[in-house]
Amino acid sequence: MTAFIRHVVEEWGAAGVAFLMLLENVFPPLPSELILPLAGYAASRGDVALPTVLAGSIVGSVAGATVWFVLAAQVGKAGLLRLARTNGRWLSLTPGDVEAVDNWFDRHGGKAVLLGRMVPTVRTLISVPAALAGMGWRRFLLFTTIGSAAWSLLLVVAGYWLGSAYAEIGTVLSPISTVIVAGLILVYLYRVATFKP
């Protein structure tokens, strides 16, 4: 996976980073914790400019978050409850889960989006309760952009500062990232197998 990420960043530059971050937000097993430090490392080598890497990562993150926001707004809470009732096993989601998340979001609102964008796994799905709770588009975009920018800055700068040391870390991270993705798939399969509505 690391080789794929490196290839896209080196060949496409900031557009590649934006594309990868869009994918990361739509398809969570592709982790930003690998994409962004690698992009920062590529910037430290001069393959791409640091400001454009940051801009690409923010644009891709916000675009991916927006996909989930729009989908959730189209489906609505009633639609999601219906999906949880009919396909809960495959979604690994019960109607009670939907209600619990909705209640939690009502209490935390914008703060949940802002901080949620900086928490692995949560960052991808925080758009759904935001849309279901009826958060306004501008407010969602503001909090999503700020949270995405903070997350991107942290990880890209870490990769940039590590510089050549990142290449050594990358050889260790590559098999670890494969194990993480495989682990996520196994967790999902376990949840499907043991699901109780």
Side-chain angles (χ1 to χ4, degrees), residues 1-44 47-75 101 104-105 108-162 166 169-170 173 176-177 180-181 184:
M1 183 176 295
T2 304
F4 166 72
I5 294 168
R6 183 176 291 141
H7 173 75
V8 171
V9 171
E10 288 173 358
E11 291 295 316
W12 298 359
V17 175
F19 171 71
L20 290 169
M21 290 306 293
L22 171 66
L23 281 182
E24 183 261 344
N25 279 270
V26 174
F27 186 65
L30 186 63
S32 61
E33 294 86 345
L34 285 177
I35 298 166
L36 296 178
L38 256 172
Y41 168 61
S44 76
D47 296 334
V48 62
L50 184 62
T52 59
V53 165
L54 285 169
S57 66
I58 295 165
V59 167
S61 290
V62 172
T66 301
V67 168
W68 284 109
F69 185 83
V70 169
L71 285 174
Q74 292 296 315
V75 171
V101 168
W104 176 84
F105 194 87
H108 300 288
K111 181 174 63 174
V113 173
L114 179 66
L115 297 176
R117 292 297 301 159
M118 295 180 269
V119 177
T121 307
V122 172
R123 64 186 308 278
T124 301
L125 300 174
I126 195 67
S127 305
V128 173
L132 296 180
M135 178 178 269
W137 167 250
R138 289 182 184 169
R139 193 162 176 250
F140 167 77
L141 200 57
L142 173 68
F143 288 124
T144 296
T145 302
I146 294 169
S148 297
W151 182 250
S152 295
L153 184 65
L154 175 72
L155 293 179
V156 169
V157 169
Y160 186 86
W161 279 344
L162 284 169
Y166 187 80
I169 295 168
L173 283 180
I176 291 173
S177 68
I180 290 170
V181 171
L184 289 170

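This one's a predicted model, so the numbers in the text were calculated from it and none came from an experiment.
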Give every donor-acceptor pair under 3.5 Å between a side-chain atom in residues 133-146 and any protein atom, sequence neighbours left out.
unit_1, atom_1, unit_2, atom_2, d
T144, OG1, F140, O, 2.8
T145, OG1, L141, O, 2.7

Quiz item: Looking only at heavy atoms, which two atoms of A39 and V53 are closest? And how far apart?
Solution: CB-CG1, 3.5 Å
Quiz item: side chain to side chain contact (heavy atoms under 4.5 Å, CB included) with A49: which residues, sequence neighbours excluded?
Solution: P51, T52
Quiz item: Quick one: side chain to side chain contact (heavy atoms under 4.5 Å, CB included) partners of A42, sequence neighbours excluded?
Solution: V9, D47, V48
Quiz prompt | Interatomic spacing from CZ in F69 to CD1 in I126 - rounded to 0.5 Å | solution = 11.5 Å
Quiz item: Do the non-hydrogen side-chain atoms of E10 and L38 ever get within less than 4.5 Å of each other?
Solution: no
Quiz item: Taking all atoms of both residues into account, what is the closest heavy-atom pair of L20 and I35, and its distance?
Solution: O-CD1, 3.6 Å
Quiz item: Distance from N25 atom CG to S61 atom OG, nearest 0.5 Å?
Solution: 5.0 Å
Quiz item: L153: what forms a side chain to side chain contact (heavy atoms under 4.5 Å, CB included) with it, not counting sequence neighbours?
Solution: L54, V157
Exercise. Only counting residues at least two apart or in another chain, list the ones meeting side-chain hydrogen bond (donor to acceptor under 3.5 Å, both in side chains) with S152.
Key: S57
Practice problem: Taking all non-hydrogen atoms of both residues into account, name the closest pair between L132 and A72 and its distance. | Solution: CD2-O, 3.7 Å
Quiz item: If you look at every heavy atom in M21 and S32, which pair is closest and at what distance?
Solution: CE-CB, 3.6 Å
